[in-house]
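I have placed the structure first, in the form of structure tokens, so that the comments after it can refer back to it.
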Amino acid sequence: MNVRVRFAPSPTGFLHIGGARTALFNWLYARHTGGTFVLRVEDTDVARNTQQATDIILDGLRWLGLDWDEGPVTSDPKGPSKGDCGPYYQSQRKEFYARHVRELIDKGCAYSSEGAIKFRMQREAVIISDLVVGEVRRELTDREQVDPDFVIVRSDGEPVFHLVNVLDDMDMKITHVIRGEDHLSNTAKHIALFKAFGVEPPQYAHIPLILNPDGTKMSKRDQGASLQSYIDDGYAPDAVINYLCLLGWSPKENREKLPIQEIIQLFDLPQVLRHNARFDIDKLHWLDGEYIREMCAERFRDLGVQALARAGFNIGNYSPEYITAAMATCNGKIKRFGDLAAYGGFYFTEEVKLDSAVIATDFTPESKARLAVLRNAYAQLADFTAPLLETTLKSVAKEQLKIKPGLLIHPTRMALTGSTVGPSLYHLIEILGKGRTLKRLDVALT
Ligand code: GLU
């Protein structure tokens, strides 16, 4: 079978971590089976849906690296992922829905009622064979016994979620609906609609919810509920992807850290766990540290640039060679990209900010006099490379000033970076280059 799955978010201005995981499981299943991953924006609720709300979802998926395979041609410069396709938008498919509502009415499966259109729901129980939850027999509730029919087009003419969701799954030939367990309660309606159209329903896989560490349901307001908070906090997408996989799926043998290629190879629906997953920020933290520690130079540079840009640094002002060299001195030294601004941000600012307490303790008249000697020695150097910068500093300290090098190293680092922690001093000086180094020393000396 040619697997076709979809992620069908409603743009609410927020990408919930549970939604991100649903997208990921669909994407993984598509990649595992060589199938197709469709992205469909369920934006029929006109009042709530803005392009901005949609962008939050698209940007989140891009950040995670979940590329979609299909959709109408788009000119969005930020980009489709494969070919020239953007997502499908339900707001652009109204004519298609209207046509099928007429079909249901003609068949006697739907009728007008107080301005709205209602679907004639079957009276018998619906059996759902879910790939994760197992077989579920859905009886009519007491209220439904009285009137099981439900609205598919509201009196204002807007088609309802159940209808458009099913019509699109039908039209897009979705073979597997992988979605949150909160939709299990809608599935009987959806299966009945498929039957009314004479189409075999897709296979369903309802994945367990994500709970807070205390076992309560994770709501929008809970800490860590929004994917954006991980982007803002500087987590590596590689770590977030790996972590999200573990929420409701297990690679067995107690394995936790797996490269994405291996996850794709192993991921399958029968291994999706039935019990709810609990959010564990410590595990994410650990994975993030591991990924960053082992990251190759290029990936580190690219993610580092993104993190610094988000923190407000004007990375575009610097040459690619400068950026690569600067990032190489930070690689392996930070635990999280959120820490990069404090560790290596000084490379990308033209002015080092020193607070008055630092000036009072580190730039005393005595220490400034020493720094001035070093400044002049550095000004003489034609070759501004780390080994020479080091021997120069040490000989200035020992021979000219007769002090321990540490007494010179500390204020130099403060003057150049504004911080006591940072990359190896001589390497960072080499990268800053002579112009910036002398300028920063001069600022500290005044
Ligand atoms: N728009 C629905 C949601 O965001 C989609 C449900 C589904 O995947 O079928 O919850």
Side-chain angles (χ1 to χ4, degrees), residues 3-30 35-50 53-58 60-61 64 66 68 70-71 87-94 97 119 126 128-133 136 138 150 152 154 158-194 197 199 201-210 217-220 225-228 244 248 269 272:
V3 167
R4 293 178 56 84
V5 289
R6 83 308 193 266
F7 178 50
S10 309
T12 55
F14 184 84
L15 181 51
H16 191 279
I17 199 79
R21 186 201 46 173
T22 299
L24 172 62
F25 279 21
N26 277 284
W27 181 86
L28 282 173
Y29 194 57
T36 302
F37 176 55
V38 172
L39 176 62
R40 176 172 86 222
V41 180
E42 301 213 319
D43 59 345
T44 48
D45 185 348
V46 193
R48 277 166 80 183
N49 298 322
T50 59
T54 298
D55 282 343
I56 288 175
I57 292 170
L58 304 191
L61 295 178
L64 287 167
L66 304 182
W68 53 93
E70 206 180 271
Y88 291 104
Y89 289 94
Q90 287 190 327
S91 56
Q92 294 167 3
R93 297 169 57 78
K94 294 211 164 136
Y97 305 135
F119 176 70
V126 177
I128 306 162
S129 303
D130 194 279
L131 292 171
V132 175
V133 183
V136 180
R138 179 82 165 76
F150 59 92
I152 51 172
R154 286 198 303 254
E158 286 301 324
V160 164
F161 159 70
H162 301 300
L163 175 77
V164 295
N165 184 268
V166 164
L167 277 174
D168 280 344
D169 283 345
M170 217 170 82
D171 190 47
M172 294 168 192
K173 302 196 166 42
I174 299 303
T175 58
H176 296 75
V177 167
I178 305 169
R179 61 184 176 190
E181 204 179 292
D182 47 335
H183 283 293
L184 186 59
S185 58
N186 296 324
T187 307
K189 288 190 176 76
H190 296 181
I191 290 176
L193 278 164
F194 271 104
F197 286 111
V199 172
Q203 292 202 269
Y204 289 95
H206 285 92
I207 53 184
L209 300 181
I210 300 176
K217 196 180 157 204
M218 203 178 223
S219 82
K220 203 171 159 168
S226 156
L227 182 73
Q228 193 61 43
L244 287 177
L269 296 174
V272 172

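Every number for a ligand or one of its atoms is a count from 1 in the order of the listing.
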Closest heavy-atom approach to atom 3 (C) of ligand 1 among His190, Arg179, His206, His183 is made by His183

Closest non-hydrogen atom pair between Ala23 and Leu61, with its separation: CB-CD2, 3.7 Å

Which residue and heavy atom of the protein sit nearest atom 5 (C) of ligand 1, plus the separation: Ala8 O, 3.1 Å

Going by the salt bridge (charged side-chain N to carboxylate O under 4.0 Å, His left out) test, name the single residue among Arg4, Arg179, Arg40 that passes it with Asp169. Arg40

With heavy-atom distances below 4.0 Å as the criterion, list the atoms of ligand 1 near Arg6. 7 (C), 8 (O), 9 (O)

For side chain to side chain contact (heavy atoms under 4.5 Å, CB included), just list the numbers for Asn186 and Phe161, CA-CA rounded to whole Å, side-chain angles, deciding distance to a tenth of an Å, and then say yes or no. CA-CA 10 Å; Asn186 296 324; Phe161 159 70; 3.7 Å; yes

Short version for Phe161: what comes under 4.0 Å of ligand 1, heavy atoms counted, is side chain

Under the 6.0 Å and 45° cation-pi test, does Arg93 pair with Tyr89? no

Any side-chain heavy-atom pair from Leu193 and Phe150 closer than 4.5 angstrom? yes

Going by the order shown, which atoms of ligand 1 are within less than 4.0 Å of some heavy atom of Glu42? 1 (N), 2 (C), 5 (C)

List ligand 1 atoms under 4.0 Å from Ser10, heavy atoms only on the residue side. 1 (N), 2 (C), 3 (C), 4 (O)

Using the side chain to side chain contact (heavy atoms under 4.5 Å, CB included) rule, take Asp168 and Tyr97 through it: C-alpha gap first, then chi angles, then the decisive distance, then the call. CA-CA 9 Å; Asp168 280 344; Tyr97 305 135; 2.7 Å; yes

Which is it for Asn165 and ligand 1 at heavy atoms under 4.0 Å: side chain, backbone, both or neither? side chain

